Protein chains: 2
Amino acid sequence: MISNKCKYAIKALVYIAANESDSRAVMTSDIARDQQIPRKFLEIILRELRNNRILESKRGKDGGFRLLRPAEDISLSEVMRIIDGPIAMLPCVSLNYYRSCDECDESTCEIKGVFEQVRDRTLEVLNGQTIKSLTLNC
Amino acid sequence: MISNKCKYAIKALVYIAANESDSRAVMTSDIARDQQIPRKFLEIILRELRNNRILESKRGKDGGFRLLRPAEDISLSEVMRIIDGPIAMLPCVSLNYYRSCDECDESTCEIKGVFEQVRDRTLEVLNGQTIKSLTLNC
DNA sequence: TATATATCCTATCTATTTGATAGTATTTAT
DNA sequence: ATAAATACTATCAAATAGATAGGATATATA
């Protein structure tokens with residue numbers, strides 16, 4: 001399962017992509033209201049996405065958030081990794097957060113192979129979807 | 001990520017499948033030693049698998065665990081669901097543990113579709129693997 | 001320059017889950 | 001009887017999830 005935080009992050013990005021314009025940044029409070037996300041929690045999430053160069057922000061009146069890059073260049077897998085960390089089901093098959101399992105020998109591990117397959121199938125979907133492609137469902 | 005508990009459960013089942021025989025049940029302490037799993041924690045896991053009709057147990061001297069069904073009839077997805085619950089990434093796309101997301105309307109949810117795809121791709125792998133097929137990696 | 005309004009930052013909190021450990025009771029083969 | 005195995009109940013510490021509170025800072029505009 002992905003966390004609520006991650007679900008909120010994805011929905012917020014899709015909302016921003018669908019509502020931003022040159023003349024308008026999208027405010028936390030608008031996203032929170034329309035997507036039913038606790039506002040203060042959402043602030044933390046959006047700041048984290050900004051710190052990871054997914055969003056840019058503008059403070060003060062008429063402030064808000066915009067995508068820092070085109071929506072078609074932000075993949076779902078990238079967002080999920082920022083918020084929730086590894087996508088793989090085992091640390092030892094993670095591409096971006098690899099850790100060895102201290103209790104088992106990877107060269108003879110009976111289950112590593114299956115979870116590599118799961119990882120690859122999962123990433124085929126998640127790498128192929130972007131914030132742009134998700135806005136088409138709006 | 002799956003939990004350590006779930007990883008232990010899978011490894012223990014594969015170990016049992018590989019080592020059981022008509023004349024021999026497999027003991028917790030042997031699994032714990034060979035697979036480097038904390039023994040008392042493993043006891044809890046094996047009991048849970050027995051309660052869910054994956055294993056049968058025999059108490060007392062020469063006791064231990066055996067698969068209740070043929071290893072080829074126990075899929076990886078079934079084991080994972082018993083120990084960790086849902087395989088899907090969102091509650092609202094789970095086949096066995098469905099829950100609605102209270103904050104969003106499923107008929108207009110922008111992200112439900114992708115996670116249905118991920119679920120289906122994941123299950124193609126996990127339904128196709130059994131305790132039997134995993135023992136071939138031993 | 002005052003003001004309203006937005007993000008930024010730090011701290012804190014509660015409940016749940018994870019990953020175990022301890023100790024005792026019960027069953028069974030010999 | 002006894003040794004050796006599972007069964008059961010209770011407990012615990014650390015991490016994570018899912019927030020909330022309050023004040024600091026920046027900015028558009030009257």
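These numbers were taken from a predicted model, which means no experiment stands behind them. Just so it is clear: chains get the letters A, B, ... in the order the sequence lines come, proteins before strands, and each one is counted from 1.
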- Query: In whole Å, what is the span from the CE atom of A:Met1 to the P atom of C:dT17?
  - Reply: 11 Å
- Message: Given C:dA20, C:dT7, D:dA5, identify the nucleotide with an atom nearest to the side chain of A:Met27.
- Response: C:dT7
- Note on the structure: 5'-most contact on DNA chain C (nearest-nucleotide basis), A:Lys58 vs A:Ile44, goes to A:Lys58
- Task: For D:dA19, take OP1 and OP2 only and decide whether either is under 4.0 Å from a side-chain N or O of A:Tyr8.
- Result: yes
- Could you check how far CG of B:Asp84 sits from P of D:dT16, rounded to whole Å? 16 Å
- Item | Donor-acceptor pair (no angle test) under 3.5 Å: A:Lys40 side chain, D:dG22 base | yes
- Item | Spatial distance of atom CZ (B:Arg39) from atom CE (B:Met27) [nearest 0.5 Å] | 10.5 Å
- Rounded to the Å, how far apart are A:Asp30 CG and C:dT7 C1'? 14 Å
- Rounded distance (nearest 0.5 Å) linking atom CG of A:Asp30 with atom OG1 of A:Thr28: 9.0 Å
- Message: Counting only side-chain heavy atoms from C-beta out, which of C:dG19, C:dT7, D:dA7 sits nearest to B:Phe65?
- Response: D:dA7
- Item | From CG (B:Leu49) to OG (B:Ser57), nearest 0.5 Å | 11.5 Å
- Is the closest side-chain donor-acceptor distance between B:Asn127 and B:Ser75 under 3.5 Å? no
- Give, for atom CD1 of B:Ile82 and atom CD1 of B:Ile74, the distance between the pair rounded to the nearest 0.5 Å. 9.0 Å
- Item | Most 5' of B:Asp62 and A:Lys5 on DNA chain D, judged by nearest nucleotide | B:Asp62
- Query: Are OP1 or OP2 of D:dA17 and a side-chain N or O of A:Ser3 less than 4.0 angstrom apart?
  - Reply: no
- Are A:Ser57 and C:dC8 close enough that a side-chain N or O sits under 4.0 Å from OP1 or OP2? yes
- Message: Using a heavy-atom cut-off of 4.0 Å across all strands, would you classify B:Ser29 as base, sugar-phosphate, or nothing?
- Response: nothing
- Query: C:dT17 P sits how many Å from B:Asn4 CG, rounded?
  - Reply: 17 Å
- Item | For atom CZ of B:Arg24 and atom C1' of C:dA29, their distance in whole Å | 16 Å
- Message: Can you tell me which nucleotide in C:dA20, D:dA19, C:dC9 comes closest to the side chain of B:Phe41?
- Response: C:dA20
- Query: Does any N or O donor sit under 3.5 Å from an N or O acceptor when you compare the side chain of A:Arg59 with the base of D:dT27?
  - Reply: no
- Quickly work out the B:Leu42 CG to D:dA5 P distance and round it to whole Å. 14 Å
- Of the nucleotides D:dT6, D:dT29, D:dG18, which one has an atom closest to the side chain of A:Lys61? D:dT29
- Message: Could you tell me how far apart B:Arg47 (CZ) and C:dG19 (C1') are, to the nearest whole angstrom?
- Response: 15 Å
- Rounded distance (Å) that lies between atom P of C:dA20 and atom CZ of B:Arg39: 15 Å
